[in-house]
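All residue numbers refer to positions in the sequence shown, counting from 1. As the structure is a prediction and not an experimental result, all values here were calculated from the model. We count ligands from 1, going down the list as the structure has it; atoms in each ligand are counted the same way.
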Amino acid sequence: MIDGTERREALLASAAGAAAVAGAYLVTGWTPSFVVRPVDQAIVNLTPGAIVTFAIDTFGEAGHLIHVAVAVAVVVGLFGTVAFAGLRLAARTDRRAVGAAIAGGGSWLLAAGLTGVSTGALGAALPAAAVVGVGWLPSSATPSGGDTGTVRGSPAVVDAVRRRTLGVVAGALGFVAATVVGRRALASADDPLPNAPRSEGAAARLRELDSASLTVESDGLQEMVTPIGEFYNVDIAEFDPEVTAEEWSLTFTGETGSERTVDFDELIERPAENRAVTLRCVGEDLNGRRIGNAVWTGTPIRPLLESVDPQGDCNCAMLRGEDGYYVQFPVDILAEGFLAWGMNGKELPTSHGHPVRVLIPGHWGETNVKWLSEIELLSVEDDGYWEERGWEGTGEVTTVAKLWDEGITELGDGRIELAGHAYAGTPGVDRVEVSTDGGDTWTDAELSDPLPDADVWRQWRHAFEPDGEHEIVVRAVDGEGTRQPREESGPVPSGASGWVRRTVG
Ligand SMILES: Nc1nc2c(c(=O)[nH]1)N[C@H]1C(S)=C(S)[C@@H](COP(=O)(O)O)O[C@H]1N2
Ligand SMILES: [Mo]
């Protein structure tokens with residue numbers, strides 16, 4: 001029979017569950033020690049690739065919210081169950097302390113069990129114990145606490161109990177709201193640059209890229225350097241891991257001659273470089289926008305890698321990030337890579353992998369692991385997160401010349417200016433060819449100045465006098481003389497191909 005007492009207990013238990021999750025979040029943030037993370041991770045890992053791809057296409061960013069919401073609900077339910085057991089045992093023994101101890105101790109065990117660490121477990125335990133301890137009322141005070149006691153069931157008592165319950169529930173929900181708002185504000189506050197003296201060269205590189213830029217008559221061309229706020233993001237989890245520079249370390253594990261852990265201070269003491277590197281996601285459409293270019297401050301991986309003496313038979317490594325992301329590719333490609341802690345002269349932002357990410361020249365975006373925590377040298381090849389889901393995105397980027405809407409502008413004198421970016425990975429872009437007649441004839445576009453960097457896009461521009469409708473086609477030729485292939489394909493599994501075509505006039 002569901003009577004008033006059971007409804008009350010269910011309500012209090014739910015509030016305790018929510019407060020426990022909020023308390024844990026308050027202490028840990030969205031890190032692997034947060035109780036929701038392992039459950040969210042399990043959902044991310046267990047969802048079949050086709051559904052992940054469908055969800056990203058259909059819901060975009062909202063797709064992440066769905067799996068996070070499910071994970072939060074599951075974990076609130078687990079803590080709520082523990083709190084409910086506490087309330088029941090308090091009733092059976094008629095002792096408040098028993099209820100609080102069960103709710104608190106049980107939540108502590110549950111939190112520690114989920115995350116494997118006791119940080120954050122206290123954050124879950126205290127609010128749960130408080131809600132049960134304050135919210136529980138002895139049966140003599142509750143309205144339906146047993147036999148037909150006149151006092152117990154009196155309207156005044158019913159009213160007092162209801163007020164007490166609502167007070168505790170409102171308090172718990174207030175705590176949840178304050179925690180979420182407070183944590184988010186904390187996360188978005190700009191951290192001071194811990195490595196400011198090591199990023200000096202970045203400003204000079206930014207000026208150099210700026211002066212290499214192409215001058216265009218319209219303002220339809222995106223800059224050489226993508227501003228941080230406009231740089232695309234691809235993340236497998238809804239919330240970015242919050243890792244401070246002090247907490248961060250990178251461990252080389254697996255088939256090594258000697259394991260090694262590098263911390264942030266050690267890393268930024270190493271020889272620093274400022275490299276312009278363009279990133280492009282294998283999952284974007286041919287003329288898509290998941291591409292961007294930045295000046296990254298960091299240090300080469302090769303000397304670190306050599307110091308651990310890689311020995312596996314496959315010459316391959318699995319890289320892992322704090323968000324549970326992992327990707328595998330050859331060690332000699334990893335050796336070409338870079339560990340970056342700065343972006344466009346600023347501390348690497350949270351959304352791009354703070355405090356340290358990988359940049360692999362000439363390879364698809366997915367090889368550029370953010371929030372890097374481990375490099376495991378393997379003896380046998382294994383699939384990464386996306387490869388398990390049907391992608392083959394660890395290889396070299398394909399060549400593309402883009403023409404976005406804002407790159408098509410009518411000039412005052414009646415001509416049309418076309419402008420965009422072309423990217424070919426490490427061979428670089430040598431030429432961009434433009435056709436205004438559907439591909440019958442071709443003209444070389446003007447290009448931004450070449451840069452010394454190994455993996456950077458170029459801007460292109462071409463103006464022409466329109467005569468009715470024109471089918472524009474653009475294609476790039478890379479530094480080895482290889483022309484962007486004409487054959488069309490979608491992005492799955494190893495990147496879109498073909499030539500971008502637009503009708504203007
Ligand atoms: N840890 C981690 N690294 C990651 C990802 C991720 O989800 N988690 N996404 C990858 C993918 S698919 C791409 S395209 C790039 C995007 O980098 P950005 O978000 O800085 O643009 O990061 C890669 N590195
Ligand atoms: Mo990607």
Task: Y325 N/O to ligand 1 N/O under 3.5 Å - done: no

Task: Protein contact of atom 23 (C) of ligand 1 - nearest heavy atom, named by residue and atom, plus distance - done: G365 O, 3.4 Å

Task: Nearest-neighbour protein heavy atom for atom 21 (O) of ligand 1, which is reported as residue plus atom name and distance - done: Y232 O, 2.7 Å

Task: Under 4.0 Å to a heavy atom of D235 - the qualifying atoms of ligand 1, by number - done: 7 (O)

- [ ] Run the ring-centre check on F231 versus H352 and record whether the distance is less than 6.0 Å.
- [x] yes

- [ ] Taking only Lys NZ, Arg NE, NH1 and NH2, and the carboxylate oxygens of Asp or Glu, determine whether R290 and E366 approach each other closer than 4.0 Å.
- [x] no

Task: Within-cut-off N or O pair, W386 and ligand 1, under 3.5 Å - done: no

Open item on the list: Is a donor from one side chain sitting under 3.5 angstrom from an acceptor on the other, for H421 and Q222?
Closed with: no

Task: Closest non-hydrogen atom pair, A496 against D285 - done: CB-C, 4.1 Å

Task: ligand 1 N/O within reach of R357 N/O, cut-off under 3.5 Å - done: yes

Task: Closest to atom 11 (C) of ligand 1 among E366, H352, E322 (heavy-atom distance) - done: E366

Task: Distance from atom 3 (N) of ligand 1 to nearest protein heavy atom, with residue and atom - done: K370 N, 2.9 Å

- [ ] Find all atoms of ligand 1 within a distance of less than 4.0 Å from any non-hydrogen atom belonging to N368, and give their numbers and elements.
- [x] 22 (O), 23 (C), 24 (N)

Open item on the list: Geometry only, no angles: is R280 polar-contacting ligand 1 at N/O separations under 3.5 Å?
Closed with: no

TODO: May I ask you to list the atoms of ligand 1 that are less than 4.0 angstrom from any heavy atom of C281?
DONE: 14 (S)

Task: D240 bridged to K370 by N-O distance under 4.0 Å - done: no

- [ ] Among R205, R275, R458, find the residue that satisfies the salt bridge (charged side-chain N to carboxylate O under 4.0 Å, His left out) test when tested with D453.
- [x] R205

- [ ] Check each atom of ligand 1 against the heavy atoms of F231 and keep those under 4.0 Å away; list them by number with element.
- [x] 21 (O)

TODO: Would you tell me whether D383 and Y326 have side-chain atoms, one donor and one acceptor, within less than 3.5 Å of each other?
DONE: no

Open item on the list: Apply side-chain hydrogen bond (donor to acceptor under 3.5 Å, both in side chains) to residues T297 and N274 and explain how you reach the verdict.
Closed with: CA-CA 5 Å; T297 305; N274 292 286; 2.6 Å; yes

TODO: Before signing off on this row, confirm whether W371 and ligand 1 have an N or O atom pair separated by under 3.5 Å.
DONE: no

Task: Residue and atom name of the nearest protein heavy atom (relative to atom 7 (O) of ligand 1), distance in Å to one decimal - done: I236 N, 2.9 Å

Open item on the list: Regarding ligand 1, does V234 bring an N or O atom to under 3.5 Å of one of the ligand's N or O atoms?
Closed with: yes

Task: Heavy-atom side-chain contact between L319 and L334 under 4.5 Å - done: yes

TODO: Say whether T394 and T367, considering side chains only, have a donor N or O and an acceptor N or O under 3.5 Å apart.
DONE: no

Open item on the list: Among V369, D323, V358, which one puts a heavy atom closest to atom 8 (N) of ligand 1?
Closed with: D323

